[in-house]
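Comments concern the structure below.
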Amino acid sequence: MSTAHWLFGDQLGPHFLRPGDQGPAPDAPVVLIEAKSVFRRRRFHRAKAHLVLSAMRHRAAELGDRARHVRAETYREGLREACGDSDVTVHHPTSRAALDFVRRLPQVQVLPARGFLVEQDAFRAWADGHTGTKLRQEDFYRWTRRRLDLLMEGDSPVGGRWNLDHDNREPPPRGTGTLDAPAPYRPREDDIDEQVREDLDRWEREDGIEFVGRDGPRLFPASRREARAALSRFVEHRLAGFGPHEDAVLAADPVMSHSLLSSSLNLGLLDPAEVVELAEDAWRAGRAPLNSVEGFVRQVAGWREYVWQVYWYFGADYRDRNALRHHEPLPDWFLDLDADAVTARCLSTVLAQVRDTGWTHHIPRLMVLGSHALQRGYDPRAVTDWFHRCFVDGYDWVMLPNVVGMSQYADGGRMTTKPYTSGGAYLNRMSDLCGPCAYRPTRRTGEQACPYTAGYWAFLHRHRQRLGGNPRMVQAVRGLERLGDLDQLLREDADRGDRAP
């Protein structure tokens with residue numbers, strides 16, 4: 001019999017079983033292990049736990065007799081039950097902890113990673129050629145497009161420009177609460193989902209396992225069929241309108257024209273190669289404009305791929321980077337997703353979206369949740385863990401660079417050229433969140449002071465020496481000199497402490 005192949009819960013698409021020199025045999029038994037210890041160690045969003053378990057069980061059902069589907073307390077126990085001491089192969093896992101674990105198991109052979117566009121050795125050679133220090137996503141993105149011949153005409157980008165961000169930063173349309181985009185694909189729950197929900201209920205009731213957030217009807221694909229349907233729905237009906245408002249936020253329309261494919265990509269249900277290929281085909285066929293297609297391709301072949309690569313390239317100690325020396329613990333209302341405790345409409349709205357769905361798009365993540373954490377000085381390791389646990393698409397490789405490097409500037413600028421935070425003016429311009437809020441985006445002090453506006457200036461003051469030497473932050477830091485109410489602002493900011501804003 002062929003050597004069994006182990007699939008982790010984020011390796012569920014057919015490309016992880018593609019045979020060949022670096023893949024399992026066509027008739028290899030397939031091992032899937034549900035380890036309850038994963039959920040004992042950390043308090044995950046319940047919708048995320050539901051999605052992962054549902055996806056694993058759907059994959060086991062698809063594989064039929066080929067699957068050895070084991071439910072155990074730990075991975076080690078599950079592997080022993082499934083394979084005894086027999087040899088097993090597994091594709092390179094997506095976290096350092098998982099990779100270290102499987103490498104310690106003498107019976108396990110680790111095969112190269114799948115589910116990404118660029119081989120790790122190729123990225124390492126590219127990064128080493130850029131001195132390994134200032135590895136800008138834009139440079140990597142252009143290199144990747146050339147390498148994959150993606151949205152290219154010969155040696156040049158289609159349309160003559162690599163970057164169409166300028167066309168994709170429109171504020172939300174005024175006078176309407178929604179973008180009025182075609183609805184996204186939503187799956188229907190089945191008997192597998194019913195059993196998952198019963199199991200999670202029992203874990204909470206009998207095993208003392210705790211979750212955060214709400215587990216309503218499943219909103220994201222849990223099978224290859226569902227993921228392909230979601231991809232087709234997006235490309236055919238939603239991609240055309242994606243670009244212009246991809247950075248905008250509407251309180252009553254959290255989905256807007258976003259693809260909702262991140263969880264399917266990160267579960268391995270979709271191969272990024274097929275995703276960008278379909279998007280490019282839509283442009284070449286005249287079904288979607290270039291700015292929308294380029295913006296979407298940039299998310300998949302640019303940022304997602306870049307984050308995966310730097311997660312491994314930057315090394316294990318990247319997790320401990322804390323250039324700004326932020327050590328404040330996350331307050332209970334933030335940990336519990338207690339949106340009702342928050343007065344600031346932007347933060348309350350976004351926390352409620354995460355509480356109810358385990359998802360919100362990239363701008364609320366960065367400029368509402370991440371910006372608040374940065375301004376309050378939350379410990380970046382705790383922030384990373386929170387994003388990992390609370391989002392349906394959150395995995396260690398995704399969240400570590402996104403939080404440490406992008407959101408919290410904890411690496412001191414290795415990934416980005418400046419901290420990503422702002423006052424209320426940016427949120428007011430790019431969203432409809434500020435209008436009914438009790439706070440005013442232009443107010444720095446007093447009862448109506450916007451916590452983001454006050455927090456922005458307090459953050460700059462706290463780090464003025466470091467940021468004053470950053471060319472992209474010089475003007476902002478100099479703005480502190482013009483604030484006649486800075487002392488009052490700082491007193492009020494200190495008094496706010498960890499209270500919900």
Walk me through it: do Arg491 and Gln488 pass the test side chain to side chain donor-acceptor pair (under 3.5 Å)? CA-CA 5 Å; Arg491 284 196 303 272; Gln488 180 182 350; 5.2 Å; no
When you look at Arg496 and Glu492, which way does the salt bridge (Lys or Arg N to Asp or Glu O under 4.0 Å) test go after all the steps? CA-CA 6 Å; Arg496 186 176 297 115; Glu492 292 178 0; 5.5 Å; no
Could you check whether any side-chain N or O of Thr453 sits under 3.5 Å from a backbone N or O of Gly424, counting only pairs where one atom can act as donor and the other as acceptor? yes
Show, in sequence, the C-alpha distance, side-chain angles and deciding distance for Arg46 and Glu210, and conclude whether the salt bridge (Lys or Arg N to Asp or Glu O under 4.0 Å) test is met. CA-CA 9 Å; Arg46 178 156 161 159; Glu210 297 182 355; over 6 Å; no
If you apply the rule side-chain contact (heavy atoms from CB on, under 4.5 Å), what do you find for Arg161 with Asp167, and how did you get there? CA-CA 12 Å; Arg161 289 189 292 159; Asp167 302 326; 3.0 Å; yes
For the pair Thr144 (side chain) and Phe140 (backbone), establish whether a donor and an acceptor sit closer than 3.5 Å, ignoring hydrogens and angles. yes
Output yes when a side-chain donor or acceptor of Asn470 lies under 3.5 Å from a complementary backbone atom of Thr417, and no otherwise. yes
Relative to the ring of Phe220, is the ring of Trp359 parallel (under 30°), tilted (30 to 60°) or perpendicular (over 60°)? tilted
Taking the inter-plane angle between the rings of Phe234 and Phe242 on a 0 to 90° scale, is it parallel (under 30°), tilted (30 to 60°) or perpendicular (over 60°)? perpendicular
Report the distance from atom CG of Asp338 to atom CH2 of Trp333, rounding to the nearest 0.5 Å. 9.0 Å
So CD1 of Ile363 and OH of Tyr420: to nearest 0.5 Å the spacing works out to 9.5 Å
For the residue pair His372 and Tyr378, does the interplanar ring angle fall in the parallel (under 30°), tilted (30 to 60°) or perpendicular (over 60°) class? perpendicular
Within the 4.5 Å heavy-atom criterion, are Gln299 and Glu246 side-chain neighbours or not? yes
Judged by atom type as modelled, is there a donor-acceptor pair below 3.5 Å linking the side chain of Arg96 to the main-chain atoms of Trp312? yes
Taking it one step at a time, do Asn266 and Asp393 satisfy side chain to side chain donor-acceptor pair (under 3.5 Å)? CA-CA 6 Å; Asn266 295 351; Asp393 54 8; 5.2 Å; no
What distance do Leu117 atom CG and Glu119 atom CD have between them, rounded to the nearest 0.5 Å? 9.5 Å
For the residue pair Phe39 and Phe44, categorise the inter-ring angle as parallel (less than 30°), tilted (30 to 60°) or perpendicular (more than 60°). perpendicular
Are the side chains of Asp139 and Trp143 in contact, using a 4.5 Å heavy-atom criterion? no
For the side chain of Asp207 and the backbone of Ile209, is there at least one donor-acceptor N/O pair under 3.5 Å apart? no
Distance-only donor-acceptor check, side chains Tyr318 and Asp411, under 3.5 Å: yes
Dump the intermediate steps for side chain to side chain donor-acceptor pair (under 3.5 Å) on His362 and Asp247, then the final yes or no. CA-CA 8 Å; His362 65 284; Asp247 284 0; 3.0 Å; yes
Below 4.5 Å, heavy atoms only, C-beta onward: do His326 and Arg462 meet side chain to side chain? yes
Smallest separation among heavy atoms of Val52 and Tyr395, with atom names: CG2-OH, 3.9 Å
Does a side chain donor of either Gln375 or Thr421 reach within less than 3.5 Å of an acceptor in the other side chain? yes
Quick check against the 3.5 Å criterion: does His258 have a side-chain atom that pairs as donor or acceptor with the backbone of Leu260? no
Is a donor on one side and an acceptor on the other found under 3.5 Å between the side chain of Arg444 and the backbone of Trp457? no
Set out, in order, the CA-CA distance, both residues' side-chain angles and the distance that settles salt bridge (Lys or Arg N to Asp or Glu O under 4.0 Å) for Arg443 and Asp485, then state yes or no. CA-CA 11 Å; Arg443 295 290 298 272; Asp485 55 0; over 6 Å; no
Parallel under 30°, tilted from 30 to 60°, perpendicular over 60°: which one fits the rings of Phe123 and Tyr313? perpendicular
Considering all heavy atoms of both residues, which atom of Arg365 and which atom of Thr360 are nearest to each other, and what is their separation? NE-O, 2.6 Å
Do His91 and Val110 come within less than 4.5 Å of each other through their side chains, counting heavy atoms only? no
For Arg304 and Leu265, indicate whether the former's side chain and the latter's backbone hold a donor-acceptor pair under 3.5 Å. yes
We want to know whether Arg238 and Ser257 form a side-chain donor-acceptor pair, criterion being a heavy-atom distance below 3.5 angstrom. no
Locate the shortest heavy-atom distance separating Val477 from Gly468; write the atom from each residue and the value. CG2-N, 4.0 Å
Approximate separation, where rounding is to 0.5 Å, of Thr94 OG1 and Arg114 CZ: 15.5 Å
In sequence, state the C-alpha distance, the side-chain angles, and the governing distance for Val276 and Glu280, and then conclude on side-chain contact (heavy atoms from CB on, under 4.5 Å). CA-CA 6 Å; Val276 295; Glu280 180 172 7; over 6 Å; no
Do side-chain atoms of Lys48 reach the backbone of His388 as a donor and acceptor pair under 3.5 angstrom? yes
Can you establish whether the number of heavy atoms outside Arg42 located under 6.0 Å from its atom CZ is more than 12? yes
Taking the six-membered ring for Trp, are Trp303 and Tyr306 closer than 6.0 Å centroid to centroid? yes
Please report the C-alpha distance between Glu226 and Tyr185 in whole Å, then the side-chain angles of each, then the deciding distance to 0.1 Å, and finally whether the side-chain contact (heavy atoms from CB on, under 4.5 Å) criterion is met. CA-CA 9 Å; Glu226 290 179 346; Tyr185 171 84; 3.4 Å; yes
When rounded to the nearest 0.5 angstrom, what distance separates CE in Met430 from OG in Ser422? 10.5 Å
Examine His45 together with His50 and report whether their ring centres are nearer than 6.0 Å. no
Intermediate values then yes/no, side-chain contact (heavy atoms from CB on, under 4.5 Å), Arg136 and Tyr141: CA-CA 9 Å; Arg136 300 303 180 211; Tyr141 171 61; over 6 Å; no
Check the pair Arg376 / Asp493 against salt bridge (Lys or Arg N to Asp or Glu O under 4.0 Å), numbers first and verdict last. CA-CA 9 Å; Arg376 301 315 305 167; Asp493 184 74; 2.7 Å; yes
Residue pair Cys434 / Leu427, side-chain heavy-atom distance below 4.5 Å: yes
Does this structure show an ion pair linking Arg355 with Asp336, if we count only N-O contacts that are shorter than 4.0 Å? no
Residue pair Pro501 / Thr343, side-chain heavy-atom distance below 4.5 Å: no
Short side-chain to backbone donor-acceptor contact, Gln11 and Phe8, under 3.5 Å: yes
Side chains of Arg43 and Leu335 in contact at under 4.5 Å (non-hydrogen atoms): yes
Is the distance from the ring center of Phe116 to that of Trp397 below 6.0 Å? yes
Ring-plane angle category for Phe387 and Phe391, please: parallel below 30°, perpendicular beyond 60°, tilted otherwise. parallel
Can you confirm whether Leu369 sits close enough to Trp386 that some side-chain heavy atom of one is under 4.5 Å from a side-chain heavy atom of the other? yes
